[in-house]
Asks: 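Sharing a structure here in structure tokens format.
Per chain, numbering begins at 1; letters A, B, ... match sequence-line order.
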There are 2 protein chains.
Amino acid sequence: MSIRTAESIFDALIARIVAGDMRPGEPLVEQALAEQFGVSRTPVREALHRLEQAGLAERGLRRAFFVRKMKAEDLAELFEAAGEVESVLAALAAHRMSEIERHTLSAILSEGDACGDDPRAYGEINTRFHETIKTGAHNAILAATLDDLNLRTQAWRVANFQENQRRLATSRAEHRSIAEAILARDADEARRRMCSHVASSYIVAADLLARRNL
Amino acid sequence: MSIRTAESIFDALIARIVAGDMRPGEPLVEQALAEQFGVSRTPVREALHRLEQAGLAERGLRRAFFVRKMKAEDLAELFEAAGEVESVLAALAAHRMSEIERHTLSAILSEGDACGDDPRAYGEINTRFHETIKTGAHNAILAATLDDLNLRTQAWRVANFQENQRRLATSRAEHRSIAEAILARDADEARRRMCSHVASSYIVAADLLARRNL
DNA sequence: TTGACCATTTATGTATACATATGCAAGATG
DNA sequence: CATCTTGCATATGTATACATAAATGGTCAA
């Protein structure tokens with residue numbers, strides 16, 4: 001590990017948590033992780049502090065770190081927060097997207113229609129859809145804020161299309177209605193539809209939480 | 001230094017930056033700060049990383065830290081972001097505030113009318129006004145998001161009432177109109193008025209930036 | 001004179017030893 | 001028997017030495 005060890009450890013831990021390899025409540029001990037990664041405690045320590053800042057880790061007894069646990073109410077608040085921020089971005093995008101960005105958005109919609117029922121392919125298109133809106137709002141700080149929040153929702157979103165085939169069709173319809181509002185420059189409608197879209201994806205996540213907490 | 005040195009150094013640095021004691025672009029060198037605070041580099045290092053995360057510090061050549069510089073566009077984006085988030089909170093508060101919270105909000109309005117033209121007194125009431133709305137939205141994550149953004153706007157807000165007496169009267173009127181919308185449970189109107197309120201406070205900050213960058 | 005190269009300087013990055021806080025359990029004491 | 005104390009175990013917190021990257025300036029050769 002020659003350069004930027006702390007950074008790579010941070011990324012590695014995020015990947016594990018988001019992928020579900022580390023379950024909520026699992027302890028994150030500096031010494032243990034250091035041995036596992038073959039480095040000293042120092043870079044691990046930095047990575048853990050950043051994880052805490054990002055809201056993926058939490059501290060408990062004796063200031064010990066562990067993977068953040070979510071109660072049902074916390075998850076609802078988190079999705080509401082992410083949803084409201086993304087709704088703001090959708091509203092701004094309705095006013096501000098360039099012609100090129102509008103065409104990109106249309107193209108992504110068509111791809112979504114064409115890709116069939118493959119959850120992986122659709123997941124990738126879904127990501128590009130949201131990215132395009134985020135960029136189209138032309139506010140880097142709001143975009144970064146949404147990224148921060150989504151880092152936390154991501155662990156619950158992954159199951160969205162994998163576990164529920166019906167969700168895919170619903171999502172496609174919602175995307176189309178959001179895009180229509182944006183392309184019509186109807187900011188209020190874009191905001192409302194995006195908000196409802198995120199809310200409906202929350203249902204799936206809440207379901208997942210309920211099963212994990214059994 | 002017995003307990004939580006890094007934390008106090010972080011707070012101390014924030015205070016200095018927000019108060020304007022450290023100007024944008026000023027270097028933040030681990031060794032120098034360590035000697036100044038009478039500790040080793042380690043806790044200073046942690047504080048600087050947190051400052052970077054919070055968006056108050058930046059890194060340049062040789063990964064050296066310095067107090068973040070703001071261009072005019074950056075400041076506009078920042079205030080837009082903070083304004084949009086606080087507008088969301090105002091809209092949520094319009095639906096969700098309890099009766100007690102509504103009465104608190106009214107009381108704060110009256111205090112604002114009664115306090116005369118003392119900028120310090122009004123500044124404190126101003127803070128409580130925004131705090132009450134933030135709490136009334138009943139979403140801790142959005143509230144924390146707003147706090148993060150306001151950490152950065154704060155350095156530019158402080159001058160708001162000190163440098164411009166007229167701003168105080170304007171602010172009072174805007175607060176009243178926001179509160180009226182919230183108390184009438186008119187979420188859309190509350191959102192719009194809060195958004196415009198933050199925008200008008202941006203004008204003063206932009207003015208300050210222009211003079212500092214001379 | 002100019003250009004390339006290397007040493008120096010100066011900052012952060014990492015490893016490691018030691019300090020400190022704290023929950024827990026065992027034992028002393030009323 | 002209950003409670004308070006105290007020592008221990010285990011985690012993070014801090015100090016410090018050493019490693020490393022990169023800009024800078026100086027020297028030597030073409």
Side-chain angles (χ1 to χ4, degrees), chain A residues 1-17 21-71 144 151-152, chain B residues 1-17 21-70 144 152:
Chain A
M1 291 283 168
S2 54
I3 193 171
R4 210 86 65 273
T5 316
E7 183 88 6
S8 17
I9 291 177
F10 177 64
D11 292 340
L13 288 177
I14 284 187
R16 285 195 201 174
I17 294 174
D21 293 344
M22 301 187 101
R23 313 274 289 236
E26 193 161 334
L28 296 162
V29 180
E30 290 180 2
Q31 184 64 45
L33 292 170
E35 284 167 14
Q36 199 175 320
F37 284 105
V39 299
S40 80
R41 272 179 52 209
T42 309
V44 173
R45 178 181 175 70
E46 183 181 326
L48 289 179
H49 278 94
R50 288 182 60 186
L51 272 186
E52 186 192 14
Q53 268 283 312
L56 291 178
E58 215 176 357
R59 318 187 74 156
L61 295 187
R62 292 158 71 187
R63 301 180 65 70
F65 288 98
F66 56 88
V67 180
R68 180 160 184 167
K69 281 192 258 195
M70 284 280 205
K71 286 175 295 188
L151 203 58
R152 296 192 242 171
Chain B
M1 288 293 161
S2 52
I3 191 170
R4 225 86 61 276
T5 316
E7 183 88 6
S8 16
I9 292 176
F10 177 65
D11 292 340
L13 288 176
I14 284 187
R16 285 193 201 175
I17 294 174
D21 294 344
M22 302 187 102
R23 314 272 292 234
E26 193 161 334
L28 295 162
V29 181
E30 289 180 3
Q31 184 64 45
L33 292 171
E35 285 167 13
Q36 198 176 320
F37 284 105
V39 299
S40 79
R41 273 178 52 209
T42 310
V44 173
R45 178 182 174 70
E46 183 181 325
L48 289 179
H49 278 97
R50 287 182 60 185
L51 272 186
E52 186 191 14
Q53 271 284 311
L56 290 178
E58 217 175 356
R59 319 188 72 158
L61 295 187
R62 291 156 73 185
R63 303 180 64 70
F65 287 99
F66 55 87
V67 180
R68 179 159 185 170
K69 282 192 257 196
M70 284 280 206
R152 297 194 242 169

Asks: Would you give the length of the straight line joining atom CD1 of A/I14 to atom CD1 of A/I9, rounded to the nearest 0.5 angstrom?
Replies: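 Those atoms lie 12.5 Å apart.
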Asks: Using a cutoff of under 3.5 Å, can you pull out all pairs of nitrogen or oxygen atoms linking the protein to nucleotides 16-19 of chain C, with atom names and distances?
Replies:
from, atom 1, to, atom 2, distance (Å)
C/dT16, O4, A/T42, OG1, 3.4

Asks: Which pair of non-hydrogen atoms, one from B/R68 and one from B/P24, has the smallest distance, and what is that distance?
Replies: O-CB, 3.3 Å
Asks: Output the rounded distance in Å from CD (A/E52) to P (D/dA11).
Replies: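 Going from CD in A/E52 over to P in D/dA11 covers 17 Å.
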Asks: Nearest whole Å is fine: how far is D/dA15 P from B/L33 CG?
Replies: 14 Å
Asks: Please list, by residue number, the residues of residues 43-50 of chain B whose heavy atoms come closer than 4.0 Å to an atom of DNA chain C; answer none if no residue qualifies.
Replies: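 Result for residues 43-50 of chain B: B/R45, B/H49, sorted by number.
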Asks: Please give me the minimum heavy-atom distance between B/A47 and B/A6, naming the atom from each residue.
Replies: CB-O, 3.9 Å
Asks: Distance check needed: D/dA9 C1' versus A/Q31 CD, whole Å only.
Replies: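 Rounded to the whole Å, the gap is 15 Å.
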Asks: Between the side chain of A/E7 and the main-chain N/O of A/R4, is any donor-acceptor distance below 3.5 Å?
Replies: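 It does not hold such a pair.
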Asks: Drop me the distance from B/E30's CD to B/S40's OG, to the nearest 0.5 angstrom.
Replies: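 OG of B/S40 is found 9.5 Å from CD of B/E30.
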Asks: Mind calculating the distance between CZ (A/F37) and P (C/dA15) to the nearest angstrom?
Replies: 13 Å
Asks: Nearest whole Å is fine: how far is D/dA15 C1' from B/I9 CD1?
Replies: 13 Å
Asks: Send over the distance from A/R59 CZ to C/dG23 C1', rounded to a whole Å.
Replies: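 Rounded to whole Å, this separation is 16 Å.
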Asks: With the side chain of A/L61 defined as its heavy atoms from C-beta on, choose the nearest nucleotide among C/dC24, D/dA15, C/dT12.
Replies: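 Nearest listed nucleotide: C/dC24.
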Asks: Which residue, B/F65 or A/R63, contacts DNA chain C at a nucleotide closer to its 5' end, judged by nearest heavy atom?
Replies: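 Checking each residue's closest nucleotide, the 5'-ward one belongs to B/F65.
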Asks: Testing the basics here: between B/P27 and B/F66, what is the closest heavy-atom pair and its distance to 0.1 Å?
Replies: CA-CB, 3.9 Å
Asks: Got a second to check how far A/K69's NZ is from A/E58's CD, nearest 0.5 Å?
Replies: 8.0 Å
Asks: Hey, mind stepping through B/V67 and B/L56 against side chain to side chain contact (heavy atoms under 4.5 Å, CB included) and telling me if it holds?
Replies: CA-CA 6 Å; B/V67 180; B/L56 290 178; over 6 Å; no
Asks: In whole Å, I'd like the distance from the CD atom of B/E30 to the C1' atom of D/dA21.
Replies: 14 Å
Asks: Nearest heavy-atom pair of A/M22 and A/L28: which atoms, and what distance?
Replies: CE-CD2, 3.8 Å
